[in-house]
Amino acid sequence: RAESRGKAFTLIELLVVVAIISILAAMLLPALKRARDQAKQIACMNNLRQLGKASALYQSEYNGELMFVGTPAVNDYMWSRRYDDYLVKRPAGADPNRLFSSVWDCPVNPSRLDTTPPASRYRDWLSYAVNDRIYITTFGGTSVKTESVGRASQKILMLEHNWLIGGALCGGHQSVRYDYPPAGHAFFGHNNKTNVLFCDLHMEAVSRSHPSMDGSSPAFFDYWEISP
């Protein structure tokens with residue numbers, strides 16, 4: 001009786017197939033990682049875009065003021081709380097120190113320490129911080145008008161912040177001081193760049209070597225110094 005024999009792979013052929021698959025995987029995996037990282041950076045940019053919209057709404061409501069002017073005696077004195085109110089409807093009777101928008105966390109920033117559910121988080125330990133020169137000026141009771149900010153496209157409004165420097169906690173507020181090296185406190189988690197929102201509400205991804213981050217270039221202070 002004649003037996004029909006199907007064609008079988010030899011060991012060499014199997015090894016060749018495995019080698020080809022391995023080569024393809026080696027080629028595709030980095031591209032997939034880049035695509036995943038880019039998607040996370042876009043998500044972070046979208047967070048800043050929403051914060052920029054909140055800033056624009058605040059400015060339109062308060063005669064062009066760039067940042068909320070308040071004192072610690074007021075429960076909602078933190079700029080993040082005021083911005084949060086523009087982004088999401090606050091539940092009745094909610095803790096004034098809680099934020100309810102989803103924009104406060106960059107998907108790759110390790111600094112989030114709050115373990116509360118995503119629907120509510122404490123007002124500190126955010127992924128984003130405001131330029132301290134704006135924050136301190138307005139905190140002291142002096143409003144900064146948007147129209148008074150010269151070269152707004154080169155003035156930093158807020159940026160990604162890393163509260164965990166070298167694994168150590170370095171603060172819990174919501175501003176970045178220009179007299180500290182910003183490159184040491186910004187979060188460079190997007191292909192070694194940090195996302196920055198400028199006072200004209202455009203965004204850029206900048207590296208540690210960018211003049212706004214190096215702490216020593218002649219242009220450095222121009223990016224941070226803002227006067228009323």
Side-chain angles (χ1 to χ4, degrees), residues 20-58 79-81 83-89 98-131 152-167 169-172 174-176 182-214 223:
I20 292 174
I21 293 175
S22 299
I23 292 172
L24 290 175
M27 294 172 60
L28 292 175
L29 286 178
L32 290 173
K33 183 181 183 302
R34 284 194 298 271
R36 185 168 59 249
D37 292 344
Q38 186 176 18
K40 291 178 179 178
Q41 182 175 14
I42 291 173
C44 178
M45 283 281 198
N46 285 335
N47 287 345
L48 278 176
R49 183 173 290 107
Q50 293 301 312
L51 291 171
K53 290 180 179 179
S55 177
L57 289 171
Y58 178 83
W79 66 270
S80 57
R81 160 63 199 278
Y83 278 24
D84 198 65
D85 289 343
Y86 286 110
L87 297 170
V88 67
K89 182 176 176 58
R98 291 286 163 183
L99 306 177
F100 292 87
S101 174
S102 61
V103 306
W104 300 108
D105 293 297
C106 167
V108 296
N109 193 320
S111 293
R112 176 172 179 173
L113 301 182
D114 195 336
T115 57
T116 56
S120 169
R121 61 175 291 103
Y122 196 66
R123 68 189 185 197
D124 289 339
W125 315 120
L126 311 176
S127 294
Y128 308 100
V130 72
N131 178 356
S153 63
Q154 296 181 33
K155 299 293 186 179
I156 291 176
L157 176 59
M158 64 182 71
L159 72 161
E160 288 188 87
H161 196 24
N162 186 5
W163 300 118
L164 298 175
I165 306 299
L169 187 62
C170 70
Q174 302 178 31
S175 62
V176 175
H185 290 263
F187 174 66
F188 294 89
H190 305 289
N191 295 317
N192 295 317
K193 292 184 178 181
T194 186
N195 292 325
V196 178
L197 177 68
F198 290 83
C199 286
D200 68 343
L201 305 184
H202 89 278
M203 294 172 294
E204 293 181 24
V206 305
S207 66
R208 285 182 173 84
S209 61
H210 189 271
S212 66
M213 295 291 148
D214 65 13
Y223 283 95

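The structure presented is a predicted model; accordingly, all values stated were derived computationally and were not measured. Residue numbers start at 1 and run along the sequence shown.
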**Q.** Test item: Asn192 side-chain N/O and Ser207 main-chain N/O as donor-acceptor pair under 3.5 Å
**A.** no

Q: Hey, can you tell me if His190 and Phe187 have their rings parallel, tilted or perpendicular (30° and 60° cut-offs)?
A: perpendicular

Q: Mark yes or no for whether Asn109, through its side chain, and His161, through its backbone, hold a donor-acceptor pair below 3.5 Å.
A: yes

Q. Is there a side-chain contact between Tyr128 and Val103, using heavy atoms and a 4.5 Å cut-off?
A. no

**Q.** Cys44 and Val108: CA distance, side-chain angles, deciding distance, side-chain contact (heavy atoms from CB on, under 4.5 Å) verdict
**A.** CA-CA 9 Å; Cys44 178; Val108 296; over 6 Å; no

**Q.** From CA spacing to verdict: side-chain contact (heavy atoms from CB on, under 4.5 Å), Asn47, Ser127
**A.** CA-CA 10 Å; Asn47 287 345; Ser127 294; over 6 Å; no

Q.
Quick check: do Val196 and Ser212 have side-chain heavy atoms less than 4.5 Å from each other?
A. no

Q. Taking Asp200 for the side chain and His202 for the main chain, is one N or O donor matched with an acceptor at less than 3.5 Å?
A. yes

Q: Answer yes or no: is there a side-chain heavy-atom contact under 4.5 Å between Asn195 and Met203?
A: no

Q) To the nearest 0.5 Å, how far apart are CG in Asn46 and CD in Gln41? A) 11.0 Å

Q) Does the side chain of Thr194 come within less than 4.5 Å of Val206's, by heavy atoms? A) yes

**Q.** Rounded distance (nearest 0.5 Å) linking atom CE of Met45 with atom CD of Glu160
**A.** 8.5 Å

Q. Mind checking whether Leu51 and Leu48 have side chains closer than 4.5 Å, heavy atoms only?
A. yes

Q: Nearest 0.5 Å please: distance from the CG atom of Leu87 over to the NZ atom of Lys53.
A: 10.0 Å

Q. Should the ring pair Tyr58 and Tyr86 be called parallel, tilted or perpendicular, given that the plane angle runs from 0 to 90° and is split at 30 and 60?
A. perpendicular

**Q.** Ile156 backbone acceptor or donor facing Asn131 side chain under 3.5 Å
**A.** yes

**Q.** Euclidean distance, Tyr223 OH relative to Met213 CE, rounded to 0.5 Å
**A.** 10.0 Å

